[in-house]
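All heavy atoms count here, side chains included; hydrogens, waters and symmetry mates do not.
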Amino acid sequence: MLDIRFIRENPEKVQQATKDKGYDVSISDLLKLDDERRNLQQQVDELREKRNANAGKMKGGKPEQALIDEGKQIKIELAERETYLATADKEFNDLLQKVPNIIFDDVPVGGEEDSVEIKKVGEQKTGATDHLDFARERDWVDFERGAKVAGAKFYFLKGDLALLENAIYQYALDFVLKKGFTYMTVPHMVNTRTALGAGFAPRGDKEGNEYFIEGEDLTMIGTAEAPLTGYHADEILDEDDLPKLYVGYSPSYRKEAGTYGKHTRGLFRVHQFNKLEMYVFCLPEKSQEMHEKILAIEEELWQSLGIPYHVINIASGDLGAPAAKKYDIEYWSPVDSNYRELTSCSNCTDFQARNLNIRVRRKDGSLETVHTLNGTAVSLARSLVTIIENYQTEDGKLMVPEALRPYLGDRETL
RNA sequence: GGAGAGGUGACCGAGUGGUUUAAGGUAACGGUCUUGAAAACCGUCGUGGUGUAAAAGCUACCGAGGGUUCGAAUCCCUCCCUCUCCGCCA
C-alpha cells in the first residue's frame, strides 16, 4: 500500500496513476475517510486521557464512589466512540488497500499494446517445429497422463527434456550466484497476510490466479516472490546490510483460468512450473539503479544461452498494483515469427515493503520503508519452449546450447 | 496429534491489578580523557497514530484477537508461534 501521508500531499498524482493503471478508486473519497477517521481518533484519545486521569486519582487509598461513577460514565462514552472509530478505520483501510502503487514518469501510459520496445538483440529466424510437436515426437512430455492424474494443463516431463530443465536450472543458478545472490528454497504456501502483502489476489477473487488450501489460511505460491517478500516482514534492517540479494527456487502454481487462446499451447502456459526468481531489498534511492542491474543480469543470462530477444518497458495498464515500473524480456519465436514473454522484472518501490512492515535503520538513526524488486532468472517451462524453438538442427535433433553442456554430461545434441 | 513450559523494545532480561512515564544490562550514537584506540566516566537512545514551523503535549502498543474492571504487561477466553517430552514419520 501507499503511505497515506504521500497521498495527502500528492492526491492528483496518485489519482492519475490509479487511472493510468486501470483501477477505479476515488482518492477524494479516501481522503474524506481519512479526515473522519482522524477526527474520531482525536475524540477517542481525549476520552482515554480523561479515563487515565480519573484512574490515576484512585491510586493507593480506597477509591471514592464519585470517582468510580465518573469512570463508569467515561467507559460508556469511550466504548461508543471506539465502535465508530473501528468502523471508520476499517472503511479507510479497505479503500487504502485498493490504491495501486504510483508509476514512474518514464512508464508508457496505456494498455498492453502501448508497451515500448527499448532494445532488440539477436537474429530473428523463422520456421521451426512447434515445441509441443517436437517434444511429443521424442516422448519428452506427457500432457495426457498429466490430465489423468491432475487435470488439463498439468504434465510430466520425461527423459532428456526433464534433464535439460535441470541443466538450465543448474546453469542459471550458478550464473546468478556469481552475481552475489544468496540461494534460498522457500515455503510453497504462504499465509494470507504474506500473499496480500506481496500483492496477490485474495481468496474469493474471481479473477485471481491462486490456488488455496481448504480449511487453512494458506495460498499456494504463484512465484517465490511471495515468500521472499515476507521473509523480512516486521524487521528493521541495517543500512549496512543492504542491498539483500536473494534468489529463490520453487514451483509456481497458477490457475490461469480463462486464458485459453493465443500462446497457451503446450508448456507455454501451464498450472505448474519451476522458476528461479531474483528478489532484492534495497535502499529507496538505489532501487532504480538496481532495477537496471536486474534487467542486465537477465539479458546477460539469455545472451549467454544464445536466445534472440527484445526488452519492453511495460505500459501502465499492464503493471499490476505493486509495480512502479516493469521490464519484460520477450524471446524471438521462430514458430510464431513474433516475440513471446520470457522473463519479467519489476521495481515495486516501497509498496510491498509497507504492506509487510519492512524498514531500514538509516545511519542517522531514522527509519524508512525499504524498496523491493523482483526479476525472473529462468522460468523453466518457458525456457524449454524457447530452447526447443531456437535450437532445432537440420537432422531433427535438439542442439544443446554450449553453456548448458557441462550440465548435461557434455552432450552436444539431444 | 497428546502433555508441559514459554512469547516483554535492535538484543538480553525484570515485572502476578493502581508510584511502570516498561527497571536493569548489551549494542548503537554523541561527549570527556588519549598521539590514536581500548577501558572508564557523562549524556542520548523503542514503534505507530495525532499534533507542531520545529518541539511540547495527548494516545496506543508487552505474540494476535476478544473479555472482566473505575483502572490490565499483570486476571479470564480463543487462536498463533517457540521450546521440552511422547506419538507418527521421509
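- In terms of modelled atom types and a separation under 3.5 Å, the side chain of Gln15(A) and the main chain of Ile27(A) share a donor-acceptor contact.
- Of the residues listed (Ile307(A), Ile312(A), Val311(A)), the one engaging Ile329(A) in a side-chain contact (heavy atoms from CB on, under 4.5 Å) is Val311(A), and it is the only one.
- Between Ile236(A) and Arg8(A), the one whose closest nucleotide on RNA chain B sits nearer the 5' end is Ile236(A).
- Around CD of Glu112(A), the count of heavy atoms belonging to other residues, nucleotides or ligands within 6.0 Å does not exceed 12.
- Distance noted for atom P between C45(B) and A56(B): 11 Å (whole Å).
- Counting only heavy atoms from C-beta outward, the side chains of Leu398(A) and Leu164(A) approach each other to under 4.5 Å.
- Looking only at side-chain heavy atoms (C-beta outward), Ile358(A) and Tyr231(A) stay at 4.5 Å or farther from each other.
- When the C1' atom of U50(B) is taken as reference, atom CG of Asp35(A) falls 13 Å away, rounded to whole Å.
- Both cation-pi conditions hold for Arg37(A) and Phe92(A): the charged atom is under 6.0 angstrom from the six-membered ring centre and inside a 45 degree cone around its axis.
- Nucleotides C29(B) and C85(B) have their P atoms positioned 41 Å apart, rounded to a whole Å.
- Judged by distance alone, the side chain of Arg354(A) and the main-chain N or O of Met1(A) form a donor-acceptor pair under 3.5 Å.
- Between the CG atom of Asp45(A) and the P atom of U59(B) there is a distance of 8 Å, rounded to whole Å.
- For the pair Tyr327(A) and Ile294(A), the minimum side-chain heavy-atom distance is 4.5 Å or more.
- Between the P atoms of C76(B) and U21(B), the separation comes to 23 Å (whole Å).
- C62(B) sits 14 Å from U16(B) when the C1' atoms are compared, rounded to a whole Å.
- When the nearest nucleotides of RNA chain B are assigned to Gln41(A) and Ala53(A) by heavy-atom distance, the more 5′-ward of the two goes with Gln41(A).
- For the C1' atoms, the distance linking C11(B) with A28(B) amounts to 11 Å, nearest Å.
- For U68(B), there is no paired base (Watson-Crick or G-U wobble, both distances below 3.5 Å).
- When all heavy atoms of Gly208(A) and Ala201(A) are compared, the closest pair comes out as CA-CB, 3.9 Å.
- As rounded to whole Å, 17 Å separates atom C1' of U59(B) from atom CZ of Arg81(A).
- Remark: Arg359(A) is in phosphate contact with G48(B), judged by side-chain N or O atoms under 4.0 Å from OP1 or OP2.
- Rounded to whole Å, atom P of G48(B) lies 12 Å from atom CZ of Arg354(A).
- Applying the Watson-Crick and G-U wobble criteria (two distances, each under 3.5 Å), C45(B) pairs with nothing in any strand.
- Gln392(A) places a side-chain N or O within 3.5 Å of a backbone atom of Thr129(A) that can act as its donor or acceptor partner.
- The nearest whole Å value for the distance from the CZ atom in Arg361(A) to the C1' atom in A27(B) is 12 Å.
- Asn39(A) has its CG atom 21 Å from the P atom of C58(B), to the nearest Å.
- At the heavy-atom level, Leu367(A) lies under 4.0 Å from the strands shown only through sugar-phosphate atoms.
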Any N/O pairs under 3.5 Å between the protein and nucleotides 71-80 of chain B? List them or say none.
from   : atom 1 : to       : atom 2 : distance (Å)
G71(B) : OP2    : Lys75(A) : NZ     : 3.3

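- For G51(B) and U34(B), the C1' atoms lie 46 Å apart once the distance is rounded to whole Å.
- Nucleotide G4(B) forms a pair with C83(B), judged by Watson-Crick or G-U wobble geometry with both contacts under 3.5 Å.
- Pairing of A37(B), defined by two Watson-Crick or G-U wobble distances under 3.5 Å, is not identified with any nucleotide.
- Rounded to a whole angstrom, the distance from the C1' atom of C89(B) to that of A22(B) is 45 Å.
- Between Arg5(A) atom CZ and U50(B) atom P the separation is 7 Å, expressed in whole Å.
- A salt bridge is defined here as a Lys NZ or Arg NE, NH1 or NH2 lying under 4.0 Å from an Asp or Glu carboxylate O, and Asp94(A) with Lys90(A) meets this definition.
- Nucleotides U78(B) and U68(B), compared at atom C1', are 15 Å apart to the nearest Å.
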Short N/O separations, protein against nucleotides 11-13 of chain B, under 3.5 angstrom:
none

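- Pairing for U21(B) is absent, with no Watson-Crick or G-U wobble pair whose two atom distances lie under 3.5 Å.
- Following rounding to the nearest Å, Glu46(A) (CD) and G57(B) (P) show an atom-to-atom distance of 17 Å.
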